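A note on names: the letters A, B, ... follow the listed sequences, proteins ahead of strands, and every chain is numbered from 1. Quick caveat, the model's predicted, so the values are computed rather than measured.
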2 protein chains.
Amino acid sequence: MVALKQKLEERGLRKTAFRIELLTLFTQTKSSLSIEDIKSSVGKTSDKVTIYRALDAFEKSGLIHRVPDKANLARYALCHNECKPEAHSHNHAHFICTVCDETFCIENVEVPKIHLKQGYKINSSTLTLEGSCPSCQSA
Amino acid sequence: MVALKQKLEERGLRKTAFRIELLTLFTQTKSSLSIEDIKSSVGKTSDKVTIYRALDAFEKSGLIHRVPDKANLARYALCHNECKPEAHSHNHAHFICTVCDETFCIENVEVPKIHLKQGYKINSSTLTLEGSCPSCQSA
DNA sequence: AAATTTATCGCAACTTGGTTGCGTTAGTTT
DNA sequence: AAACTAACGCAACCAAGTTGCGATAAATTT
């Protein structure tokens, strides 16, 4: 909890009740959170605009990053590595279960380095796998 | 043109003026088309609903497939390989230029096969690269 | 060729994810 | 405590995409 407030302070973000609650939610979540998820657990009291702006601020300051989502919706997860503002480094793949719509970070899989024809400058690369996860297999 | 109408007929789609025009546009386009692109070249006369439904029908019948887009918008391209309804096979990477927002298919790059932990079933995998393309480099 | 069938069209109205403007509230700094 | 300004919250808005439904026009049947 203390470390959590520190994270906000380090980045020049204010320690409001809502933002602390939101960041806590992220630390307690194994995989990623959709806006839906967030709304249903901390959004009862806060306006959607507040949520969007907080997510935006968190992302800009390197606290969280966007992960892909089946329906092309926004989805976020905590940054594990050292992410600085304007330079997120998330070189891992994502697995999206098309049954339960969960998004999993595949930590131990590196996104292969691709080199393109001369002239292309690559800033980021994402490898997204779609299918069904173990719990949805058995169903 | 003849082959084009045939494609529609083969899939049980009607050869309406609009759908022929739309399919022609796809064949004339090297990379991919956003809804914006489509609207501005064939959408003057047709309703957006018509466009969406035509794209939907084309995709379902394996004529075109969706490609990722920077802003998570829908974007489509012609199917090169043999795509059947319900079974698209597009094992190539996409490059999105974040300057001009163009999406390029990287034809000669295979999406590497990833094997996950037991229990995950992968239906499709997409490798998306973001950066700036040659023409936007020089600017 | 006319009649029937049915895919496609096009308008209106709606839904959803997300944004903008702006006045108010509340951390933070002095 | 006063001043400063990030963050909040409401309303209004926007854009992408969907749904319902009657009208139109291919394709098929007679």
Check your understanding: Quick one: CG on A:Leu4 to CG on A:Leu63, what's the gap to the nearest 0.5 Å?
Key -> 9.0 Å

Review point. CD1/A:Ile20 to CG/A:Leu25 distance, rounded to the nearest 0.5 angstrom?
Key: 14.0 Å

Practice item. May I ask you to evaluate whether A:Thr50 reaches the phosphate of D:dG9, defined as a side-chain N or O under 4.0 Å from OP1 or OP2? Key: yes

Review point. To the nearest 0.5 Å, what is the distance between NZ (B:Lys7) and NZ (B:Lys15)?
Key: 15.0 Å

Review point. A:Phe26 versus A:Ile38: any side-chain heavy-atom pair under 4.5 Å?
Key: yes

Study note, to complete from the structure: Here the distance between atom P of D:dA6 and atom NZ of A:Lys60, to the nearest Å, is 13 Å

Review point. For the atom pair CD (A:Gln6) and CZ (A:Arg11), what is the distance rounded to the nearest 0.5 Å?
Key: 10.5 Å

Review point. So what's the dot-bracket for DNA chain D: Watson-Crick or G-U pairs under 3.5 Å, [ ] if a pair crosses, | if it pairs off-strand?
Key: ||||||||||||||||||||||||||||||

Study note, to complete from the structure: Heavy-atom closest pair (A:Arg19 atom, A:Ala57 atom, distance to 0.1 Å) is NH1-CB, 3.7 Å

Check your understanding: Side chains of B:Phe58 and B:Leu13: does their closest heavy-atom pair fall under 4.5 Å?
Key -> yes

Practice item. Classify every nucleotide of nucleotides 19-30 of chain C by which part a protein heavy atom approaches to under 4.0 Å, writing B for the base, S for the sugar-phosphate alone and - for neither, in 5'-to-3' order. Key: BBB----BBS--

Review point. What is the distance from CD1 of B:Ile38 to P of D:dG17, rounded to the nearest Å?
Key: 10 Å

Review point. Roughly how far, to the nearest 0.5 Å, is CD1 of A:Ile35 from OG of A:Ser40?
Key: 11.0 Å

Check your understanding: Can you check the B:Ile51 CD1 to C:dT8 C1' distance for me, whole Å?
Key -> 14 Å

Check your understanding: Nearest-Å distance, CZ (A:Phe18) to P (D:dA7)?
Key -> 12 Å

Check your understanding: What is the distance, rounded to the nearest whole Å, between atom NZ of A:Lys39 and atom P of C:dT16?
Key -> 10 Å

**Study point:** B:Ile20 CD1 to C:dT8 C1', straight-line distance once rounded to whole Å
**Key:** 13 Å

Check your understanding: About how many Å separate CG of B:Leu55 and NZ of B:Lys60, when rounded to the nearest 0.5 Å?
Key -> 11.0 Å

Revision key, fill the gap. Rounded to whole Å, CD1 of A:Ile35 lies from C1' of C:dT15 at a distance of 17 Å

Point to revise | Short side-chain N/O contact from B:Arg19 to OP1 or OP2 of C:dA7, under 4.0 Å | key: no

Study note, to complete from the structure: Separation of D:dT18 atom C1' from B:Asp47 atom CG, nearest Å, is 12 Å

